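Heads up: the structure comes next, in structure tokens.
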Amino acid sequence: MALITKAIKGTKDVLPAEVYKNQYIEAVCRGVAERFGYKEIRTPVFEHTELFQRGVGDTTDVVQKEMYTFDDKGGRSITLRPEGTAGAARSFLENGLSNEALPQKVYYFTSCYRYEKPQAGRLREFHQFGIECFGATSPLADAEMISLAKQVFDELGVEDLHLELNSIGCPECRAKYQDALREYFGAHKDELCTTCQERLERNPMRLLDCKSPEDKALAEGAPAVLDYLCEDCSDHFEKVKSYLDAMGIEYRINPRIVRGLDYYTKTVFEFVADSIGAQGTVCGGGRYDGLIEELGGQHTPSLGFGMGLERLQLVMEAQNCEFPEAVKPDLFIVALGEKAQKQAVEIAREMRGEGFTVLYDLNERSLRAQMKYADKMNAAFNVVIGDNEVENKSAQLKNMQSGETCDISLTTFMNDFYRISMDEQLKDLEINGEAFDFGSLFGSGLSEEE
Ligand code: ATP
Ligand code: MG
């Protein structure tokens, strides 16, 4: 039978055999975020289109070219989120988090949707780990946010990433800078791509972020924003750098980074990998002091980042980082006949309740077929239960790694299993490179007391 349809271009299935990598990365991100005092927020996958037009900015590539926007059956314009910040900011305002103690620190895992040309590291559905810190003015917050991302990379063992840092100032210093850019690019107007010719008047800083090769080349010679910072922004930037220095976090100043979203002010940064080709930015973020006001709230200086999880995984794979293996099942029960089957389901029920991973065949197949299936399931131990075993209330437990077997009682199965599997684990325990002699713990101590 032919497959009725294929997955949408630019989307990716994560199959059961691979998902442990995603789960591992997510667990590390979550753990780090929580240790920095962040709490998870979950917001809808779609929002009113105007949220992104206002929040992301309607001169950005994301809004102008990349959004999945459609009218729903009620005639409302809806957009699948292209990024996480706008939704989190809307929720922060709508749910009154803005009235709670500030800063409010949230993190999220989101799927994001952008209509882009699919290629390595660029998908139409991709995933981000993101954080937002609403209501924090000090450069301490900028440095802490960057150190959070760095901590994630360190814990995952990612090495080949460098931090690029810039400040794009505030609306005040930016006005002068925009003028300088208009003048510079204006002299080359005919050479610009059509989108940028239109953006030149309204938002010339966008031109620095354009992907077209001609515009990119022109941008190389453009005036640098750092020469235009006002005293306040300049002071803020100096302090961010000095806190990063104090934390031992290395960075390169890159005056070309402006980020793809309109809401950024002051600090912007990217963590860039050299090992995965052109789509090397794994994490990007910065401060967005104007966003909350733009969405109708009080002035609330804030900041955050988005980390592309597919790109992060690409970097880790390119670097041969270790992904802890998916946990193996503890036990596979091969059961033959109805009585044995009932014994098996009861043992499995009890053990699963206590945290063991226990499997048995769901097709009631022959011994041979079950053994074959059990092999594929790769459990640490197997046990075969048939009529004889039920009668004798005893079976043979087999350690699938060593091949050793031992008798195990069916009446006290779980306790016996626990003891036997613990013994196995202790056997493997090494201390200072030597097998640990468990007996030494008790032996002498006990005899002295006697
Ligand atoms: P790029 O310059 O690569 O287009 P961007 O500036 O559009 O990135 P952001 O909007 O800052 O990216 O998103 C944050 C992160 O999300 C990026 O650094 C990247 O890791 C990831 N990301 C963005 N777009 C995609 C995509 N289409 N596919 C996969 N990951 C993506
Ligand atoms: Mg992009």
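When reading the values below, keep in mind they use all heavy atoms of this one structure, side chains included, and skip hydrogens, waters and symmetry mates. As the structure lists them, so they are numbered: ligands from 1, and atoms in each ligand from 1. All figures in this text were calculated on a predicted structure; none of them were measured in a lab.
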Report task. Could you name the option among R311, E116, K211 that has the heavy atom nearest to atom 3 (O) of ligand 1? Result -> R311
Report task. For G306, take its heavy atoms, then give the atoms of ligand 1 lying under 4.0 Å from any of them. Result -> 14 (C), 15 (C)
Report summary line: All heavy atoms of K216 vs all of K211, minimum pair found to be CD-O, 4.4 Å
Query - Heavy atom of Q128, distance to ligand 1 below 4.0 Å - result: yes
Report summary line: For G308, the atoms of ligand 1 under 4.0 Å from one of its heavy atoms are 15 (C), 16 (O), 20 (O), 21 (C)
Report summary line: To atom 26 (C) of ligand 1, the nearest of F305, F126, F271, F129 on a heavy-atom basis is F126
Query raised in the report: Does E94 come within less than 4.0 Å of R90, counting only side-chain N to carboxylate O?
Result: yes
Query - For G121, atoms of ligand 1 separated by under 4.0 Å from a heavy atom - result: 28 (N), 29 (C), 30 (N)
**Report entry** Those atoms of ligand 1 less than 4.0 Å from some heavy atom in L123
**Finding:** 26 (C), 27 (N), 28 (N), 29 (C)
Query raised in the report: Are R81 and F46 in a cation-pi contact, defined as NZ or CZ under 6.0 Å from the six-membered ring centre and within 45° of the axis?
Result: no
Query - ligand 1 versus V282: contacting region, heavy-atom distance under 4.0 Å - result: backbone
Report summary line: atom 10 (O) of ligand 1: of R114, R124, E83, the nearest heavy atom sits on R114
**Report entry** Q319 side chain vs C321 backbone, donor-acceptor pair below 3.5 Å
**Finding:** no
Requested in this report: Inspect the contact between D215 and R206 and indicate whether a charged nitrogen and a carboxylate oxygen are less than 4.0 angstrom apart.
Outcome: no
Report task. Kindly indicate, with the supporting measurements, whether the criterion side chain to side chain contact (heavy atoms under 4.5 Å, CB included) is fulfilled by N378 and F332. Result -> CA-CA 8 Å; N378 197 24; F332 192 101; over 6 Å; no
Query raised in the report: Is R122 close to ligand 1, meaning an N/O of one under 3.5 Å from an N/O of the other?
Result: yes
Query raised in the report: Between K176 and Y228, is NZ or CZ placed under 6.0 angstrom from the six-membered ring centre and within 45° of the ring axis?
Result: no
